[in-house]
Amino acid sequence: MSVRNLEKWYKAWINNNGGKKKWDTRDCYCCCACYAYGTPIATPDGEKAIQEFQPGDLVSVATLESTGETLRLSWSAKPVQFSSGTPPLPKGSTFPTMIFVNYGEEQKSIIATSDQLFLLANGKVKQAGTLTINDRLVAADGTPVRINAVKLGEYSGGIHHIALSSRFTEDLDGHLLNSNGVVTADFSVQIQTERLGDLLERGPAIGEPAYHEAHQLNAVGVHSYHHPDFNGEVAVPNTLKLYTGESVYLPPTARSFITEVQGIDINNNPDVKKRPFSNHVGVNELKTVFKNCRAYYPDINFTLVWEDPLPNVYAFEYLGQKQVVVSGQLLRTDGIYWQAMALVVAQAIASFHEPGGEPRTEQLPRILADYYGVGVVMSLVWNFYYFDTAEESIKQINKLFSYISEENRNGDPNNPLDKPCIECRQKTMKEGWFGGTLPACAGGLLRLLDAIPGAIVDDKPTIILSFNMPLDESAAKEMTNYQVDPAVHLTAVQVDSTDLFRVTLVGDFATKTHYTITVSNLTSSEGTALDAKHHFANIQLP
């Protein structure tokens, strides 16, 4: 589409509405409300392909004279005011999802974007993405036309639309076209559907579970439905690749971001809004995520499987090749944007590596991949944008987690690293973002972090010990749990119950002396054991 022409057309429409912006804002993920190249549109001189229209060309438009059992239409000529579209995209592009509608005894068809409006026999209009085999379209003479088939697929050809005025005033007259034998609405109606009110007939979109549930008896393929009285074959042009429901091979050992039952929870949660198959918002952003990650991890293949029905991300190695596969359903889940995709892809990458970055033969446990994915992989890939990206990604993932049922949030207490509870995953990602220590629930151990000089107490020097977790207070107060080399007589161990991360040792410490403090038998307040590799600290008093 020519952005300059579209902007000019919008400005004209705004001016005609008194300078007030009255359209619904929405993401435009392809050329909005378009016909496929080659769609024949009636004119006073015969039919012309949609992409051939120029502003000023005459086109046949209808006025509704009656909305009884059979619609009465009156046709006249009207000049086109706006004409624009997008030529066929190059190979390898993200092709738009479009609707194939076959109708009538002559088995004519139209390929259109999901928001293209069709006139129904009841006098209302309906978007292509919600058309069903039970709907009746309208022929140019007003008679009803049966829909033979509705199918969903990826369209690789050009798309185009026209508008007959820059203003739609809630009246379809003068906006109705004869498109390959059935009546449709022009572009100016498409982008102002909020003005249609009760004239717009709504329903679930093809590709949604509710649509399939209502028409599954007439399904002849994935997102493909035939009328029960239609026994013919439907020829689909090679520019439309029908969905097949096929995914990439996922070996049993594939590590997923969430479990299958958690993905089902998210899909079945009524509070979850899902964008339709035709909505490719986020696909290009995901490609950018893949591109950035591939720069640092060129040994990994990154793939989006648009038809995958469960929201998830998978990491696995197959035939010697590391794979990260993103489900299209995750990308279509409302509230999941590029920042969340950056996190889940980073988590998948982390599962292939040791915490230090070295490759590993078995995948890292899920909770550790959470920690190092956010804290190491995202930091490397997003560099200067890391902090804000991680912050927003965690917000989006926490929202996704909130859709999981209580029953399936708990994890497996016998396998807390591979099957952690959601609360622990949230805590672990946050610690990874801040550069904090691995929480106890994620397999973290109690560590002595450092020792620093403290204030003078009772004329004696003190040393303050800092830990990564709050201590069990009773064990922390036990003087025999602290050894000093060279030996020093300790006179007190001070523990502040409001700050169990720190312990103060009071004793006969000498200045200008180097000491090694070793702790033992300490545990965290949650019972976490002491890390045998991080239980001592060195200090020299001034």
Side-chain angles (χ1 to χ4, degrees), residues 24 26-36 94-103 109-120 122 124-137 147-155 159 161 184-185 189-194 196 198-227 236 240-245 266-283 306-311 327-336:
D24 265 344
R26 54 178 168 167
D27 292 312
C28 188
Y29 40 87
C30 73
C31 189
C32 305
C34 298
Y35 307 89
T94 299
F95 297 120
T97 298
M98 294 180 66
I99 316 299
F100 173 88
V101 185
N102 182 276
Y103 48 86
S109 62
I110 286 179
I111 298 175
T113 53
S114 62
D115 49 356
Q116 174 64 51
L117 292 169
F118 286 76
L119 183 66
L120 301 181
N122 60 9
K124 297 185 177 184
V125 289
K126 196 172 186 182
Q127 292 179 322
T130 61
L131 288 175
T132 77
I133 53 176
N134 297 326
D135 290 320
R136 293 291 185 269
L137 303 180
I147 293 179
N148 300 320
V150 179
K151 300 176 185 288
L152 193 64
E154 290 185 352
Y155 177 72
I159 47 183
H161 53 221
T184 64
V189 183
Q190 315 283 0
I191 62 169
Q192 301 176 63
T193 51
E194 77 282 356
L196 286 168
D198 293 338
L199 278 176
L200 179 65
E201 186 164 308
R202 304 177 187 275
I206 185 171
E208 294 180 357
Y211 188 103
H212 181 69
E213 183 177 349
H215 304 286
Q216 57 185 319
L217 295 179
N218 301 111
V220 295
V222 177
H223 313 309
S224 182
Y225 304 86
H226 284 191
H227 192 280
V236 177
L240 186 72
K241 179 185 175 183
L242 297 180
Y243 288 119
T244 63
I266 294 170
N267 261 2
N268 293 341
N269 191 311
D271 294 331
V272 178
K273 295 180 180 179
K274 306 180 190 72
R275 296 186 285 273
F277 259 71
S278 57
N279 189 329
H280 282 74
V281 165
V283 171
W306 189 246
E307 295 184 61
D308 198 297
L310 284 181
S327 154
Q329 187 59 51
L330 179 61
L331 199 59
R332 291 190 297 272
T333 299
D334 201 33
I336 294 296

Measuring from [X]:[atom1] to [Y]:[atom2], what's the distance to the nearest 0.5 Å?
X	Y	atom1	atom2	answer
E208	R275	CD	CZ	12.5 Å
Q329	L310	CD	CG	8.0 Å
L117	K126	CG	NZ	12.0 Å
Q116	I111	CD	CD1	13.0 Å
N134	N218	CG	CG	7.5 Å
Y103	F118	OH	CZ	7.0 Å

What are the two closest heavy atoms between [X] and [Y], and how far apart are they?
X	Y	answer
V236	L240	CG1-CD2, 3.7 Å
S327	P311	OG-CA, 3.9 Å
T244	E307	N-OE1, 3.0 Å
L119	K124	CD1-O, 3.5 Å
A36	M98	N-CE, 4.3 Å

Is there a side-chain contact between [X] and [Y] in this structure, where contact means two heavy atoms from C-beta onward sitting under 4.5 Å apart?
X	Y	value
N122	R136	no
I133	H226	no
Q127	D115	yes
E154	Y243	yes
I206	I99	yes
L152	T97	yes
L137	I147	yes
T130	Y211	no

Original post:
Quick check: are there more than 12 heavy atoms from other residues, nucleotides or ligands sitting under 6.0 Å from CD of E213?
Top reply: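 Check fails, neighbour count at 12 or below.
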**OP:** Return the orientation label for the H280 and W306 ring planes: parallel under 30°, perpendicular over 60°, tilted otherwise.
**Re:**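 Aromatic pair H280/W306 classed parallel.
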Tell me if a side-chain donor or acceptor on [X] pairs with a main-chain N or O of [Y] at a distance below 3.5 Å.
X	Y	value
Q190	A185	yes
N267	P309	yes
T113	C34	yes
N269	I266	no

